[in-house]
Amino acid sequence: MLIAHLTDLHTVAASRLCYGKIDTNHQLREAITHLGNLCPRPDLVLVSGDLTEHGSPEEYVALRQILNKLTLPVYLVPGNHDRRNPFLRAFADAEYLPPPDSPFAHFVCERWPLRLIGLDTMIDGKRRGQLCPARLAWLAARLAESKRKTLIFMHHPPFRTGLQGMDNQGLKGTRAFCKLIEHHPQVCAIACGHLHRAVQTRIGEALVFSQPSTCHQIALNLSPNAGLMVDLILEPRAVGLLKFVNGSTVNHISYVPNNYELFRPVNPPSLLAQEDDCEYQ
C-alpha cells in the first residue's frame, strides 16, 4: 500500500495570488501532475490541512476544480487557514466526512489495509490548534474499537519543533494525546502539516512526521533567539509517500520538479550499490 501525503496547499480564488506573490493553485496542479507520473502510483492521497488560504467558499470551489484532476481517492482534514463549515459544505458529497454543521470534521476509513483516522485540530479563526476533551474522547473511542494498524492524520503536529514561531501556534492537548497514543501501539504513523518542512519524531510506536508544502516553505531557524516571526522561503516543494508493508511504515519525500529534467548517471562506480548479505532485522 502506497499513500501520498500532501499538505498546506493554500489554495486561493481563481486568478488570485497567495500573499500577492505565489501562484499556489498552479503549484498544486504541478504537484498533482507529479503524483500522476509516479511509478508505482499511490493508492490514495491524504491532505493534512490548510487546504485554502482564507477558508472562503470561492477558494473551496477552486480547490475542488483542481483536485478533480486526481484519479485517486482523496481524504482531507482542515487546518488553521480553513473554516470548518465552508469546508464541510464544499465537500458535502464526500461520504467519509461528517455532514455540514458538525462540531468537528473527524472521520474513520476502514476500506484500506491501513486504518485511517482523520483528526480535526483546528479552531476557527485561530492559528493554534487544539485537542480538547471532546476530541480526545472521540479518538479514544475510535482507537478502542479496533487493533488494526492505524494511521492518524491531522494538521497541527503534536510535538515541539524548536521553530519558535511555529511552536507558538502549535497544538494544545498534546500531553493527553501522547499518553493516548502510547497506550495504543496499533497507531504506527501520524501524518501532520502546518510546519511547511520535513520534521519527524516518535510517540510510542508511531512515527510522527510533517512534510514540505506544495507551495512555499518555512525558513529553518532553530536559534533560541529566533523570536516568533515566521519567514517564508521558496525552497523545493514536495509530496510525501508513505509505504505500508508487513505492518510497518516507511516515509519518503518526492520533490515536485520545477522545470528541470530528471537524469540517470551512466553507472559511475562510486554510485553503484555494493551487494552484501545485510538484512534489515
Side-chain angles (χ1 to χ4, degrees), residues 5-13 16-28 30-31 47-56 58-59 62-63 76-84 86-87 119-132 153-175 177-178 190-203 208-240 251 253 255-256 258:
H5 176 202
L6 277 62
T7 193
D8 298 279
L9 316 180
H10 292 272
T11 309
V12 293
R16 298 288 182 88
L17 296 177
C18 189
Y19 304 119
K21 179 177 181 179
I22 305 171
D23 192 345
T24 52
N25 295 17
H26 177 67
Q27 291 175 323
L28 177 56
E30 289 185 328
V47 190
S48 56
D50 280 3
L51 313 172
T52 64
E53 177 62 15
H54 303 102
S56 70
E58 295 80 10
E59 289 176 336
L63 174 64
L76 308 103
V77 292
N80 55 282
H81 277 260
D82 294 299
R83 294 294 179 268
R84 186 177 292 107
F87 162 64
L119 193 57
D120 176 354
T121 61
M122 70 166 291
I123 308 171
D124 269 314
K126 301 290 185 182
R127 292 185 178 182
R128 63 178 174 85
Q130 185 176 36
L131 287 174
C132 59
F153 74 108
M154 54 203 283
H155 183 64
H156 295 84
F159 58 91
R160 296 187 67 83
T161 67
L163 299 165
Q164 292 188 39
M166 299 308 293
D167 288 342
N168 187 57
Q169 49 183 279
L171 181 65
K172 289 193 173 183
T174 55
R175 290 184 182 178
F177 174 81
C178 291
I190 301 172
C192 310
H194 194 54
L195 300 177
H196 290 238
R197 299 203 66 82
V199 185
Q200 62 182 1
T201 187
R202 183 169 290 278
I203 299 174
V208 191
F209 54 88
S210 66
Q211 305 287 10
S213 166
T214 58
C215 52
H216 54 273
Q217 313 307 333
I218 299 295
L220 180 62
N221 188 345
L222 298 175
S223 168
N225 301 316
L228 300 181
M229 292 297 295
V230 174
D231 295 318
L232 307 183
I233 188 169
L234 296 180
E235 288 182 343
R237 301 164 291 134
V239 300
N251 190 36
I253 296 175
Y255 291 95
V256 179
N258 186 21

Test side-chain contact (heavy atoms from CB on, under 4.5 Å) on Leu234 and Ile22 and set out the steps.
CA-CA 9 Å; Leu234 296 180; Ile22 305 171; 4.1 Å; yes

Phe87 and Met122: CA distance, side-chain angles, deciding distance, side-chain contact (heavy atoms from CB on, under 4.5 Å) verdict:
CA-CA 12 Å; Phe87 162 64; Met122 70 166 291; over 6 Å; no

Evaluate side-chain contact (heavy atoms from CB on, under 4.5 Å) for Leu51 paired with Val77, printing each intermediate quantity in order.
CA-CA 8 Å; Leu51 313 172; Val77 292; over 6 Å; no

Verdict with reasoning, Val256 to Thr214, per side-chain contact (heavy atoms from CB on, under 4.5 Å):
CA-CA 8 Å; Val256 179; Thr214 58; 5.9 Å; no

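No donor-acceptor distance shorter than 3.5 angstrom exists from the side chain of Gln211 to the backbone of Leu6, with no hydrogens or angles considered. At least one donor-acceptor pair closer than 3.5 Å links the side chain of Asp82 to the backbone N or O of Thr52.
With sequence neighbours excluded, the residues forming a side chain to side chain donor-acceptor pair (under 3.5 Å) with His156 are Thr121, listed by chain and number. For Phe153, the ring-ring contact (aromatic ring centres under 6.0 Å, His included) partners are Phe107, not counting sequence neighbours. Every residue was checked against the salt bridge (Lys or Arg N to Asp or Glu O under 4.0 Å) condition with Glu58, not counting sequence neighbours, and none meets it.
A heavy-atom distance below 4.5 Å is found between the side chains of Met154 and Leu131. Considering only heavy atoms from C-beta on, Arg84 comes within 4.5 Å of Asp120 through its side chain. The shortest distance between side-chain heavy atoms of Val199 and Thr201 does not fall below 4.5 Å. Residues Asp50 and Asn80 meet the side-chain proximity criterion, which asks for heavy atoms closer than 4.5 Å. Two residues are said to be in side-chain contact when any heavy atoms from C-beta on lie closer than 4.5 Å; Val230 and Asn168 fail this criterion. In this structure the side chain of Asp231 never reaches within 4.5 angstrom of the side chain of Asn221, judged on heavy atoms. Two residues are said to be in side-chain contact when any heavy atoms from C-beta on lie closer than 4.5 Å; Leu232 and Ile218 meet this criterion. In this structure, the side chains of Pro158 and Val208 come closer than 4.5 Å at one or more pairs of heavy atoms.
The distance from atom OG of Ser48 to atom CD1 of Ile190, rounded to the nearest 0.5 Å, is 12.5 Å. To the nearest 0.5 angstrom, Glu235 atom CD is 4.5 Å from Arg197 atom CZ. One finds the NE2 atom of His155 at 8.0 Å from the CG atom of Leu195 (value rounded to the nearest 0.5 Å). Annotation: the span from Arg83 atom CZ to Ser56 atom OG amounts to 10.0 Å, rounded to 0.5 Å. Atoms CZ and SG, from Arg202 and Cys178 in turn, are 13.0 Å apart once rounded to the nearest 0.5 Å.
Between Arg16 and Glu59 there is no salt bridge, since no side-chain nitrogen of the basic residue lies less than 4.0 Å from a carboxylate oxygen of the acidic one.
For Arg127, the CZ atom is loosely surrounded, since the number of other residues' heavy atoms within 6.0 Å does not exceed 12.
Contact record, His81 with Glu53: ND1-O, 2.8 Å, taken as the closest heavy-atom pair. Scanning both residues, Gly162 and Asp167, for their nearest heavy atoms gives N-OD2, 2.9 Å. Counting all heavy atoms, side chain and backbone alike, Val47 lies closest to Leu9 at CG1-CD1, 3.7 Å. Considering all non-hydrogen atoms of both residues, Ile123 and Gly129 come closest at CD1-C, 4.0 Å. Nearest heavy-atom pair, Thr174 versus Leu171, reported as atom, atom and distance to 0.1 Å: CG2-O, 3.0 Å. Closest approach of Cys192 and Thr7 over heavy atoms only: O-OG1, 4.3 Å.
Paired with Asp8 under the rule side-chain hydrogen bond (donor to acceptor under 3.5 Å, both in side chains), one option of His196, His216, Gln217 passes, and it is His196.
Neither side chain, His194 nor Ser210, offers a donor N or O lying under 3.5 Å from an acceptor on the other. For the 3.5 Å distance criterion, the side chains of Asn25 and Thr11 fail to qualify, holding no donor opposite an acceptor.
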